[in-house]
There are 2 protein chains.
Amino acid sequence: MTSRQNRPRDRGIPEATVARLPVYLRALHGLQDRGVATVSSEELAAAAGVNSAKLRKDLSHLGSYGTRGVGYEVEYLVYQISRELGLTQDWVVAIIGVGNLGRALAGYGGFASRGFRVAGLLDADDSIVGQEISGMTVGHIDRLEDIIADHGVSIAVIATPAAAAQGVCDRVVAAGVTSVLNFAPVVLSVPESVDVRKVDLSIELQILAFHEQRKAGGPGDYEPVPGGEPPGAAHYVEAVEA
Amino acid sequence: MTSRQNRPRDRGIPEATVARLPVYLRALHGLQDRGVATVSSEELAAAAGVNSAKLRKDLSHLGSYGTRGVGYEVEYLVYQISRELGLTQDWVVAIIGVGNLGRALAGYGGFASRGFRVAGLLDADDSIVGQEISGMTVGHIDRLEDIIADHGVSIAVIATPAAAAQGVCDRVVAAGVTSVLNFAPVVLSVPESVDVRKVDLSIELQILAFHEQRKAGGPGDYEPVPGGEPPGAAHYVEAVEA
DNA sequence: CAGTGTGAAACAGTTCACAGCT
DNA sequence: AGCTGTGAACTGTTTCACACTG
């Protein structure tokens, strides 16, 4: 059931569209930096790596922000997409788990530039607590509930080892967090009201491996996988310079 | 009706199914570690965070590997999924860009345990080249083509700053790599024969923000966006650090 | 029986192609 | 003339529900 609301524009934006809006936004920022004022669906689509029909359909879910015969005004579209995504307000984030990955996240410029403010870096390891990372001091995980309450954290980023993730998740949810970005390779269980998105490095690699395997074997009738043959030796690719 | 008992003739496993197989595989490994020998679709689905109908349909694309009235033999299913994904062979990976993220990837245990062997860590920065990371010495990006050829790298992981990513991508593709996992926040262009998957941290956060925003403003509520909309004032920076 | 495997229905997302606006 | 916006056709995915089997 989608909660229908009475808004000027129909507010049921398809999930697939939502997932692409950030990509469009980035492409638009690129155009903005190059001083481009107006862009056609064809051009923007190319910059975003989709086809133009899809782009137009996606944008049409936000409203009619283009001009027929002309295209879209870059600045205006940036604003509309930002607003739709909720990026015109700041979101407060806590990063839990300050290993290699947590560090990478803490230093990731893409957060701050999109209105995500990191309110705390937390870890359970005493040798990490107190360290200065990207201008922030790592706090002890004991302070999790305080940090969430004091700073109004609404999004938690979990970058702990797998074994710790569910426990941390339960705590952040109990403390009022309603969105979780999970980097730990586990399926988190949460109440229905909480959104979880997961990023799993090894899953992405496995999906690539599947397709890679398929390429290696030709269009024959037989099983593509021989059994123990190491890949790589016989690879060639058509030239790709540009 | 299927032509034979096992292994459907049907070459095409749906993409959505492929994307879930690694999740099932992980759940199965968990069961294996706990000594579970047999599992029903209901139980496995719960462990993987999907519903049982979807799981059964997914598995049915690989063949009839279950026993009616009983369930699936864990070990056998692990093997079948691994084989389908191409994990019964080793894949050689190179990681390009050894900033925070590259370091996290280099140390990520999930790679080695799934048959992904990291053949090289490469960076352009002389202060990073030569460093020892997770038991490997960081090589200079100049050696990219050598490493790819010598080790038979078929998957490249790009963890460079955005500005460097396309150039690196062109080089790995020219050197014979046919699968790329891209962490840089850019749309890479590659020949059709090359697979690219991208992981974008800030996009995931933006998707969460969208849903978060929707929760916050209840039905009939107005959004907390102020009227002032000076589109020129927004100053977004596209810099990503690595 | 209990639980898989699967047609068929329902739903979601993409692509087509063109009407209609500037 | 050119390009957006969108119904309609199409393709892919999920869910349902039950026949079938060990």
Side-chain angles (χ1 to χ4, degrees), chain A residues 1-2 4 8-21 23-24 27-28 31 36-74 76-77 80-81 84 207 211, chain B residues 1-21 23-24 28 31 36-74 76-77 80-81 84 207 210-211:
Chain A
M1 276 351 146
T2 356
R4 273 284 144 93
R9 283 269 140 210
D10 181 20
R11 281 277 160 148
I13 298 184
E15 199 48 40
T17 296
V18 172
R20 281 186 297 264
L21 290 180
V23 180
Y24 302 154
L28 286 165
L31 293 169
V36 177
T38 296
V39 68
S40 71
S41 65
E42 200 68 56
E43 295 163 328
L44 182 52
V50 302
N51 71 51
S52 63
K54 193 186 280 183
L55 178 118
R56 288 201 305 278
K57 180 75 93 180
D58 282 343
L59 294 185
S60 78
H61 287 112
L62 314 190
S64 286
Y65 296 142
T67 307
R68 291 172 197 231
V70 178
Y72 302 89
E73 208 218 312
V74 173
Y76 186 54
L77 199 49
Q80 291 299 346
I81 294 179
E84 194 61 55
I207 295 170
H211 293 292
Chain B
M1 50 183 116
T2 8
S3 51
R4 257 300 22 157
Q5 40 188 3
N6 283 349
R7 181 150 35 94
R9 232 73 261 307
D10 186 31
R11 308 273 267 137
I13 297 182
E15 200 46 43
T17 296
V18 172
R20 282 186 296 264
L21 291 179
V23 180
Y24 302 154
L28 286 165
L31 293 169
V36 177
T38 296
V39 69
S40 71
S41 65
E42 200 68 57
E43 295 163 328
L44 181 53
V50 301
N51 71 51
S52 63
K54 192 187 280 184
L55 179 120
R56 288 200 304 280
K57 181 73 93 180
D58 281 343
L59 294 185
S60 78
H61 288 112
L62 315 189
S64 284
Y65 296 141
T67 308
R68 292 175 196 233
V70 178
Y72 302 87
E73 208 217 310
V74 173
Y76 187 53
L77 200 48
Q80 292 299 346
I81 295 178
E84 195 60 54
I207 296 170
F210 171 84
H211 293 293

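Computed over heavy atoms, backbone and side chain alike; hydrogens, waters and symmetry mates excluded. Lettering of chains follows the sequences in order, A, B, ..., and the numbering in each one begins at 1.
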Going by salt bridge (charged side-chain N to carboxylate O under 4.0 Å, His left out), name the residues that satisfy it together with B:Arg56, two or more places apart in sequence or in a different chain.
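So B:Arg56 forms no salt bridge (charged side-chain N to carboxylate O under 4.0 Å, His left out) with any residue.
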Under the rule for salt bridge (charged side-chain N to carboxylate O under 4.0 Å, His left out), what residues qualify as partners of B:Glu84, not counting sequence neighbours?
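Only A:Arg214 meet the salt bridge (charged side-chain N to carboxylate O under 4.0 Å, His left out) criterion with B:Glu84.
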Contact list for DNA chain C against residues 45-58 of chain B - heavy-atom distance below 4.0 Å
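Output list: B:Arg56, B:Lys57.
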B:Glu73: what forms a side-chain hydrogen bond (donor to acceptor under 3.5 Å, both in side chains) with it, not counting sequence neighbours?
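Per chain and number, B:Glu73 pairs via side-chain hydrogen bond (donor to acceptor under 3.5 Å, both in side chains) with no residue.
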Does any non-hydrogen side-chain atom of A:Thr67 lie less than 4.5 Å from one of A:Thr38?
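SC-SC contact between A:Thr38 and A:Thr67 ruled out.
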Using a 3.5 Å cut-off and no angle test, enumerate the donor-acceptor pairs between side-chain atoms of residues 48-55 of chain B and protein atoms at least two apart in sequence or in another chain.
{"unit_1": "B:Asn51", "atom_1": "OD1", "unit_2": "B:Ala53", "atom_2": "N", "d": "3.1"}
{"unit_1": "B:Asn51", "atom_1": "OD1", "unit_2": "B:Lys54", "atom_2": "N", "d": "2.9"}
{"unit_1": "B:Ser52", "atom_1": "OG", "unit_2": "B:Glu42", "atom_2": "OE1", "d": "3.4"}

Expressed as a whole number of angstroms, how long is the span from [X]:[atom1] to [N]:[atom2]?
{"X": "A:Leu44", "N": "D:dC3", "atom1": "CG", "atom2": "P", "result": "14 Å"}
{"X": "B:Leu59", "N": "C:dG3", "atom1": "CG", "atom2": "P", "result": "16 Å"}
{"X": "A:His61", "N": "C:dT14", "atom1": "NE2", "atom2": "P", "result": "10 Å"}
{"X": "A:Glu42", "N": "C:dT15", "atom1": "CD", "atom2": "C1'", "result": "13 Å"}
{"X": "A:Leu62", "N": "D:dT4", "atom1": "CG", "atom2": "C1'", "result": "14 Å"}

Steps toward side-chain contact (heavy atoms from CB on, under 4.5 Å) verdict (A:Leu77, A:Leu59)
CA-CA 9 Å; A:Leu77 199 49; A:Leu59 294 185; 3.9 Å; yes
Minimum-distance pair of heavy atoms, taken over all atoms of A:Tyr72 and A:Gly66
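Scanning both residues completely, I find the closest heavy atoms to be CD2-CA, 3.4 Å.
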Closest heavy-atom contact between A:Leu28 and A:Val39?
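In terms of heavy atoms, the two residues are closest at CD2-CG1, 4.3 Å.
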Just the atom pairs and distances: protein N or O near nucleotides 20-22 of chain D's N or O, under 3.5 Å.
{"unit_1": "D:dC20", "atom_1": "O2", "unit_2": "B:Arg68", "atom_2": "NH1", "d": "3.3"}

A:Glu15 side chain: which of C:dG5, C:dT4, C:dG13 is closest?
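Ranking C:dG5, C:dT4, C:dG13 by closest atom to the A:Glu15 side chain puts C:dG13 first.
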When you measure from the side chain of A:Tyr72, which nucleotide among C:dG3, C:dG13, D:dG5 comes out closest?
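The closest nucleotide is D:dG5.
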Check step by step if side-chain contact (heavy atoms from CB on, under 4.5 Å) holds for B:Thr17 and B:Lys57.
CA-CA 9 Å; B:Thr17 296; B:Lys57 181 73 93 180; over 6 Å; no
Using only side-chain N and O atoms of B:Ser41, determine if any of them is under 4.0 Å from OP1 or OP2 of C:dT4.
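The answer is yes; a side-chain N or O of B:Ser41 sits under 4.0 Å from OP1 or OP2.
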